[in-house]
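As the structure is a prediction and not an experimental result, all values here were calculated from the model. Hydrogens, waters and symmetry mates are skipped; everything else that's a heavy atom, side chains included, is used.
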Amino acid sequence: MVSALEMAQFCCACSSQSSPLTFIPKSSFNFRSFTCSTTRFLSIGTSSRRPLSLTANLASVHSAEASGVDSRGKKLLLEVKDLTAVISESKQQILNGVNLLVCEGVHAVMGKNGSGKSTFSKVLVGHPDYEVTGGTVEFKGENLLEMDPEERSLAGLFMSFQSPIEIPGVSNIDFLNMAYNARRRKLGLPELGPIEFYGYISPKLDIVNMKTSFLNRNVNEGFSGGERKRNEILQLAVLGADLAILDEIDSGLDVDALKDVAKAVNGLFTPTNSVLIITHYLRLLEYIKPTYIHIMEGGKIVKTGDISMAKVLEQEGYKAISKA
């Protein structure tokens, strides 16, 4: 059960629209604090700051052409250059030189199981199970690798994990009110009381097709897979983000739930923010239209293209991409 102290440690993103929630499996509950990053909590046992100072040099960051992304006329949110990472305990190498540019718009990362997709997303939010061993990452011009997970969230990075956990004893509305007020404090704004916050959150329930009764239920406790994913997107709607990383939000969803979640994500997307979707399947991308598809293989991005590449994968598998 989450203690009052741990709940008080929730921090939420503080850019003009930002804030996320990050979550970690129950096995990781020995960490010392939680961070708001998209739709969950990321507890941390030890500081995830890199002992090594990595100042990202713009001159060294790969060009838009090299990454297959045309960033002309668009705000660049995320620049990843030669990123390598290992599992903290075993030191097994997972990321092997990831290069990626994420501009305003919708990007999707696809790849086989074990290609490094989820590891990449967790490294971006500072998950303590992984250790960065090389490369640079800039988020909105700042060195992301030098930030603690809480700072990354406050900078506007949001992460939605595949399997949201239950938090017994903490209602949705109390959790979201606490997280949202943490963000407002960071912005120097007055906190919202329970009645004011209810007025703020009520219209957002329509976005994710959730009933008001969900607000009084404990976070994800007894929720179906579709309800958990909707709850994730509700957190994103409440907190906002400059860059929302959605890790397999389509997993375990029936067609109706998938449409609801996709509709909600599309409704939250603006011309000035970005969504990075991690998925195996074309079906999600038919509802949330990506500008770019990035294929990950062997712990790095091997190809970038448009939606047509996802259609080739659906019909012919990854062999077709490898041969191309």
May I ask you to decide whether R185 forms a salt bridge with E191, counting only side-chain N to carboxylate O separations under 4.0 Å? yes

How long is the straight-line distance from OG of S121 back to CG of L276, given to the nearest 0.5 Å? 8.0 Å

Using modelled atom types and a 3.5 Å cut-off, is there a donor and acceptor pairing between side-chain atoms of D148 and backbone atoms of E150? no

Give a yes or no on this: more than 12 heavy atoms of other residues, nucleotides or ligands lie within 6.0 Å of atom CZ of F223. yes

Hey, are K91 and E131 close enough for a salt bridge, meaning a charged N less than 4.0 Å from a carboxylate O? yes

Side-chain heavy atoms of L243 within contact of N273, under 4.5 Å: no

Just say parallel, tilted or perpendicular for the rings of Y130 and H127, cut-offs at 30° and 60°. perpendicular

Establish, yes or no, whether the cationic atom of R183 lies under 6.0 Å from the six-membered ring centre of Y180 and within 45° of the ring axis. no

Among the clusters formed by ILVMFWY side chains lying less than 4.5 Å apart, do V170 and F214 turn up in the same one? yes

Polar side chain donor-acceptor pair, T279 to D250, under 3.5 angstrom: yes

Inspect the contact between E297 and K303 and indicate whether a charged nitrogen and a carboxylate oxygen are less than 4.0 angstrom apart. no

Has K204 got more than 12 heavy atoms of other residues, nucleotides or ligands less than 6.0 Å from its NZ? yes

Between N172 and N216, does any side-chain donor sit less than 3.5 Å from a side-chain acceptor? no

Is it the case that the side chains of K229 and S251 hold a donor-acceptor pair, with the cut-off being a distance below 3.5 Å and no angle test? yes

Output the distance between atom CZ (R230) and atom CD1 (I249), rounded to the nearest 0.5 Å. 12.0 Å

Quiz question: by atom type and distance under 3.5 Å, do the side chains of D260 and N209 form a donor-acceptor pair? yes

So does K122 pair up with D129, basic N to acidic O under 4.0 Å? no

Do L144 and E138 make a side-chain contact, defined as non-hydrogen atoms from C-beta onward lying under 4.5 Å apart? no

If you count heavy atoms of other groups shown closer than 6.0 angstrom to NZ of K211, is the number above 12? no

